[in-house]
Amino acid sequence: MTELEAEGSIAVGFPGQGAQDPAKMKRLLREHPITIDVLHEGEEVLNRPLLSLLLSETTAESNTRDNQVRLYLGSAALWRAAEEEGVIPGHRKRVFFGASAGEYAALMAAGAYDFATGLQQIDVRGEEMHNASIINPGKMLVATGLPFNVATKLAKEFEGVYAVNDNPGAQTVFSGSEVGLKEMAAYLASSEAWSHVRLDWPAIAEAAHSIHMAPAVANVQSALKNAKFKKPSYDFVGNRARAIRSTRGLKKHLARQLTTGVLLRQSAQFMKEEYGVDTFVDVGPGKVLYVQMRHQFRKTVQLMSVVDELLPEK
């Protein structure tokens with residue numbers, strides 16, 4: 001019996017913005033031909049070329065719409081190849097989750113809608129978030145070594161700053177006005193009490209998961225309302241650490257997700273406790289979720305990276 005054949009459920013996760021590796025994507029297309037079908041399908045759905053987008057890097061200058069389409073395409077390609085080759089044991093109970101924009105690929109994989117529907121929805125989401133960022137400019141700041149409960153109190157001391165994402169490994173993501181974030185960053189950097197905190201400015205061009213994204217909600221809601229959803233074939237755990245099973249609940253969640261944070265640490269713990277998850281699978285090129293789950297659970301769960309299984313080091 002292999003490690004992945006042990007008893008327990010498998011949590012299948014899809015990362016959010018920033019998780020991209022052009023070299024891995026190029027190799028995936030070359031070594032797993034089924035992924036080319038994903039690219040061609042995507043081009044037909046959006047009626048535009050996508051190869052150069054899929055094989056480019058996410059940078060601070062990248063358009064939000066392109067970033068999210070790139071993420072969805074890469075995740076869908078990895079998922080389709082993994083399923084075709086039986087990378088994830090099919091006899092084990094599965095539960096699906098995603099971080100931020102990764103929820104769209106997670107719901108596609110869980111059977112809530114088809115590939116085309118997910119791509120159309122993520123395209124709308126990215127465009128509307130970009131438009132909202134023009135109305136309400138902002139940024140995001142990652143603070144590693146700063147627990148979320150502490151960060152939430154700290155954010156209140158700086159105007160326009162919100163602690164939005166609670167990641168494993170005592171990592172908080174702040175969102176809000178650039179002025180407020182820079183003031184807080186300067187404070188943390190100059191204070192001896194916070195000298196252990198590492199600050200990073202991610203390549204995300206908007207204040208995601210905050211009130212800054214409010215202008216995007218109406219149009220995203222409208223697109224979701226007209227989209228064809230169905231009850232997922234597998235359980236899905238949303239960013240707020242709870243299972244969502246109805247199509248109405250899923251659409252409501254995806255719209256609210258724009259202005260609410262990602263409680264990834266709590267969601268992972270919820271899956272471990274409520275579903276008996278003993279294996280977390282990362283369906284992303286950058287192994288972001290793999291590393292985060294390792295920080296949270298140490299050696300108490302098994303970890304698997306789809307990209308490592310499909311593209312082993314030579």
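- Of the possible donor and acceptor atoms, one in the side chain of S267 sits under 3.5 Å from a partner among the backbone N and O of G238.
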Stepwise ring pair (Phe, Tyr, Trp, His ring centres under 6.0 Å) check, F280 with F297: CA-CA 10 Å; F280 283 83; F297 297 113; 5.2 Å; yes

Trace of the side chain to side chain contact (heavy atoms under 4.5 Å, CB included) decision for V281 with I10: CA-CA 7 Å; V281 179; I10 295 177; 3.5 Å; yes

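- Cluster annotation: M293 is connected to V95 through the hydrophobic network of ILVMFWY side chains, with a link wherever side-chain heavy atoms come within less than 4.5 Å.
- Side-chain N or O atoms of S222 include none that pairs as donor or acceptor with a backbone N or O of N219 at under 3.5 Å.
- In the displayed structure, K182 atom NZ is contacted under 6.0 Å by at most 12 heavy atoms of other residues, nucleotides or ligands.
- Looking only at atom types and distance, the side chain of S56 has a donor-acceptor partner in the side chain of R70 under 3.5 Å away.
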Step-by-step side-chain hydrogen bond (donor to acceptor under 3.5 Å, both in side chains) determination, Q266 to D166: CA-CA 8 Å; Q266 293 97 316; D166 184 4; 3.2 Å; yes

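- A heavy-atom distance below 4.5 Å is found between the side chains of V283 and V12.
- Criterion: ILVMFWY side-chain heavy atoms under 4.5 Å apart, direct or through other members. Under it, F148 and V164 are not part of a common hydrophobic cluster.
- V220 and M129 fall within a single hydrophobic cluster, where Ile, Leu, Val, Met, Phe, Trp and Tyr are joined by side-chain heavy atoms under 4.5 Å apart, directly or via other members.
- Closest approach of S100 to V262, counting heavy atoms only: N-CG2, 4.0 Å.
- Checked by atom type and distance alone, the side chain of H212 never pairs as donor or acceptor with a backbone atom of A132 at under 3.5 Å.
- Every side-chain contact (heavy atoms from CB on, under 4.5 Å) that D308 has, sequence neighbours left out, goes to K287, S305.
- With F115 as the aromatic partner, R80 meets the cation-pi criteria of under 6.0 angstrom to the ring centre and within 45 degrees of the ring axis.
- T117 and A227 get closest at one heavy-atom pair: CG2-CB, 4.1 Å.
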Pair H253-E103, side-chain hydrogen bond (donor to acceptor under 3.5 Å, both in side chains): steps then yes or no: CA-CA 10 Å; H253 168 74; E103 289 196 318; 2.7 Å; yes

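- Using a cutoff of 4.0 Å between basic side-chain nitrogens and carboxylate oxygens, K230 and D114 are not scored as salt-bridged.
- Cluster membership check: W201 shares its hydrophobic cluster with L154, using side-chain heavy-atom separations under 4.5 Å among Ile, Leu, Val, Met, Phe, Trp and Tyr.
- Side-chain contact annotation: D278 with Q302, donor-acceptor N/O pair under 3.5 Å absent.
- Atom OG1 of residue T247 and atom CG of residue L107 lie 11.5 Å apart, to the nearest 0.5 angstrom.
- Between T172 and L146, the shortest heavy-atom contact is OG1-O, 2.8 Å.
- The shortest distance between side-chain heavy atoms of V237 and F270 falls below 4.5 Å.
- Within the model, atoms CZ of R65 and CG of N131 stand 9.5 Å from one another, a figure rounded to the nearest 0.5 Å.
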Criterion side chain to side chain contact (heavy atoms under 4.5 Å, CB included) on N63 and H130, from CA distance to verdict: CA-CA 7 Å; N63 181 280; H130 173 71; 3.9 Å; yes

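- Between R94 and W79, the shortest heavy-atom contact is NH1-CH2, 3.5 Å.
- Under the 3.5 Å distance criterion, with hydrogens and angles disregarded, no donor-acceptor pair is assigned to the side chains of H32 and E84.
- Distance check, rounded to the nearest 0.5 Å: CG of L71 to CD1 of I122 gives 6.5 Å.
- Screening Q171, H295, H196 for a side chain to side chain donor-acceptor pair (under 3.5 Å) involving T144 leaves a single residue, Q171.
- For the residue pair R265 / Q296, no side-chain donor-acceptor distance below 3.5 Å is found, with atom types taken as modelled.
- Counting non-hydrogen atoms of neighbouring residues, nucleotides and ligands closer than 6.0 angstrom, the CD atom of E85 exceeds 12 such neighbours.
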Verdict with supporting geometry, D123 and R125, salt bridge (charged side-chain N to carboxylate O under 4.0 Å, His left out): CA-CA 5 Å; D123 189 44; R125 181 185 192 268; over 6 Å; no

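- Looking only at side-chain heavy atoms (C-beta outward), N239 and L263 stay at 4.5 Å or farther from each other.
- The CG atom of L250 sits 5.5 Å away from atom CD1 of I244, with the distance rounded to the nearest 0.5 Å.
- In this structure, the separation between CG on L46 and CD on Q120 is 7.5 Å, given to the nearest 0.5 Å.
- Nearest heavy atoms, Y104 versus Y113: O-OH, 2.7 Å.
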Criterion side-chain hydrogen bond (donor to acceptor under 3.5 Å, both in side chains) on Q257 and R240, from CA distance to verdict: CA-CA 9 Å; Q257 180 215 58; R240 306 299 292 180; over 6 Å; no

Residues K272, T300; criterion side chain to side chain contact (heavy atoms under 4.5 Å, CB included); working and verdict: CA-CA 10 Å; K272 188 174 186 294; T300 63; 4.0 Å; yes

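- In this structure, the side chains of V197 and L199 come closer than 4.5 Å at one or more pairs of heavy atoms.
- Using cut-offs of 30° and 60° for the angle between ring planes, the Y234 and F96 rings count as tilted.
- For the pair F97/L289, a side-chain contact is recorded, criterion being any heavy-atom separation below 4.5 Å from C-beta on.
- In this view, E31 and R27, K314 satisfy the salt bridge (Lys or Arg N to Asp or Glu O under 4.0 Å) rule, not counting sequence neighbours.
- Side-chain atoms of D200 never come within 3.5 Å of backbone atoms of L141 as a donor-acceptor pair (strictly under, hydrogens ignored).
- K225 places none of its side-chain heavy atoms less than 4.5 Å from the side chain of K251.
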Side chain to side chain contact (heavy atoms under 4.5 Å, CB included) between M140 and F174, worked out: CA-CA 5 Å; M140 301 190 84; F174 293 97; over 6 Å; no

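- With contacts defined as side-chain heavy-atom distances shorter than 4.5 Å, the pair R48/V69 qualifies.
- Between the side chains of E206 and T64, at least one donor N or O lies within less than 3.5 Å of an accepting N or O.
- Taken together through direct or relayed side-chain contacts under 4.5 Å among Ile, Leu, Val, Met, Phe, Trp and Tyr, I34 and L73 form parts of separate hydrophobic clusters.
- Counting all heavy atoms, side chain and backbone alike, L28 lies closest to T35 at O-OG1, 3.4 Å.
- The shortest distance between side-chain heavy atoms of K231 and S246 does not fall below 4.5 Å.
- Residue K139 holds its NZ atom at 11.0 Å from OG of S175, rounded to the nearest 0.5 Å.
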